[in-house]
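Below: one structure, written as structure tokens.
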There are 2 protein chains.
Amino acid sequence: MTGTRTRQKVEVRREEILLAALAEVERVGLAAVRVSDVATALGISTGLVFYHFRTKDELVADAFTYAVERDLTTMERAAARRGPVLDRIRAVLRTYGPTGSATGWRLWIDGWALAQHEPVIADHFRTLDDRSRGILRALVDEGLADGSLTCSDPGASVRRLLALLDGLSVAAEVHRSVSRKQLRTWVDGAIETELVGG
Amino acid sequence: MTGTRTRQKVEVRREEILLAALAEVERVGLAAVRVSDVATALGISTGLVFYHFRTKDELVADAFTYAVERDLTTMERAAARRGPVLDRIRAVLRTYGPTGSATGWRLWIDGWALAQHEPVIADHFRTLDDRSRGILRALVDEGLADGSLTCSDPGASVRRLLALLDGLSVAAEVHRSVSRKQLRTWVDGAIETELVGG
DNA sequence: ACGACAACTGACTCGCGGATCAATAGGACT
DNA sequence: AGTCCTATTGATCCGCGAGTCAGTTGTCGT
């Protein structure tokens, strides 16, 4: 985890810092991250962080952009795999949330809170929401075309599936009333009733 | 909104402050609330706030307890009304979230984030989750008994319904991809498929 | 009408963490 | 083997907001 002591060129350092910032947010939460934490996690000075990012808020915002983009590409890759649409839909929903990692939802949940008061962050979430809906929607349409799926209102189904996943993730992460395993079972079940049954 | 200038006895002031704190959290968000904000909102000194609450964290925690309890009683009242179970289930889910008010979800979403790092808050959410599930569960059991509902796994159905509601609320509040009206329609639809269909 | 206590004030302390900046060290290119 | 730019330091500034406290004022019982 301790970063390279050597001098790095801008592009590289920037990404290092972004990743460290994300890791730190996961660890202590958005509200509690300090610039000095990020710096010491990499073994660098706080000054250097401000050399790369004008302000702490900018760092956080950029870190979100980074996480959103990373997750979207993960989803897109899952969607582009070979195989029956239904399997790919399941795969996409399984990667949803930061890299599908168990702890990754911490970031999203913290982010929702922040988004309510920081329009910049809210925009990132809208992007994430729009594009992930787009990815799923394309898959559903494909399934409708090849006759493997049935669905009267694809747009609504996609929204409901994503919402269920969000809600179950909160139950798993915050309330701890649902296990990750149960979550998957239920999401798969919902996919079935939304896109296969009627 | 400006509070009574006069002297109040402990019990009264305490509640005033709690309410003001909740209002302030709604307005600016959990991360940004300042004790002085709460004080000035009531037209009192910051010192007085600390006279009633040892620390800011304690104030916030107590405010959460208050909000949770308030919402649970609202739900319980909705559950206790006369009429067919199905209607009462709909009513309960409609009051869910702070007093069912449109803006109330801000508090819960902020709270989820906080709960991830403050065990005290996490406990409150577990209480909220457990008890609201209990309320719904009792209604479902009643419906099963009188034959008006059909459901193979009531516990699971209740959890899924609550999760869907949480997720849709995030979509409405954060992503703004779902209207309140649509949210209700979809929740009602889910009630139908979970508890009536099969 | 006077204690006496409980509610309340407001000015103060203090530490924390974001931001700054002059000075320094690496390394690429000539 | 020096020049010049760029990444990096670390000491320092500064404001903000939590928490304190000595003193003030309302109110209730007697």
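Just so you know, these numbers use all the heavy atoms, side chains as well, and skip hydrogens, waters and symmetry mates. Order of the sequence lines fixes the chain letters, A, B, ..., with proteins taken first and strands second; residue numbering starts at 1 for each chain. Keep in mind that this is a model prediction, so the values were computed, not measured.
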From C-beta outward on B:Ser45, which listed nucleotide comes closest to its side chain: C:dA19, C:dA7, C:dT9?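 Nearest listed nucleotide: C:dT9.
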Proximal nucleotide (of D:dT8, C:dC8, C:dG18) relative to the A:Val35 side chain: C:dG18
Take atom [atom1] of [X] and atom [atom2] of [N], then tell me their distance rounded to the nearest Å.
X	N	atom1	atom2	value
B:Arg7	D:dG26	CZ	C1'	4 Å
A:Ile44	D:dG10	CD1	C1'	13 Å
B:Glu11	C:dA6	CD	C1'	15 Å
B:Arg13	D:dT25	CZ	C1'	14 Å
A:Arg54	C:dC21	CZ	P	14 Å
B:Gln8	C:dT9	CD	C1'	16 Å
A:Phe53	D:dA7	CZ	C1'	14 Å
B:Glu24	D:dG17	CD	C1'	15 Å

Keeping [X] on the side-chain end and [Y] on the backbone end, is there a donor-acceptor pair under 3.5 Å?
X	Y	value
A:Thr185	A:Lys181	yes
B:Arg159	A:Ser177	yes
A:Lys56	A:Phe50	no
A:Thr55	A:Glu58	no
A:Arg13	A:Gln8	no
B:Arg137	B:Pro154	no

Give every pair of a protein N or O atom and an N or O atom of nucleotides 28-30 of chain C that lie under 3.5 Å apart, one pair per line with the distance.
none

Any idea which heavy atoms bring B:Glu194 and B:Ser157 closest together, and the distance? OE1-OG, 2.7 Å
With the 4.5 Å side-chain cut-off for hydrophobic clustering, are A:Val120 and A:Leu114 part of the same group? no
Co-membership, hydrophobic cluster, residues B:Leu19 and B:Val12, 4.5 Å side-chain: no
Under 4.0 angstrom, heavy atoms only, what part of the nucleic acid is B:Val12 near: base, sugar-phosphate, or nothing? nothing
For A:Val33, report the nucleic acid contact type (base, sugar-phosphate, nothing); a contact means any heavy atom under 4.0 Å. sugar-phosphate
What residues 56-65 of chain B contributes to the DNA chain C interface at heavy-atom separation below 4.0 Å is none
Taking for each residue the nucleotide of DNA chain C with the nearest heavy atom, is it B:Thr46 or B:Tyr51 whose nucleotide lies nearer the 5' end?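 Looking at the nearest nucleotide for each, B:Tyr51 comes out on the 5' side.
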Hey, which sits more toward the 5' end of DNA chain C by its nearest nucleotide, A:Arg34 or A:Leu48?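 Comparing both residues, the 5'-ward one is A:Arg34.
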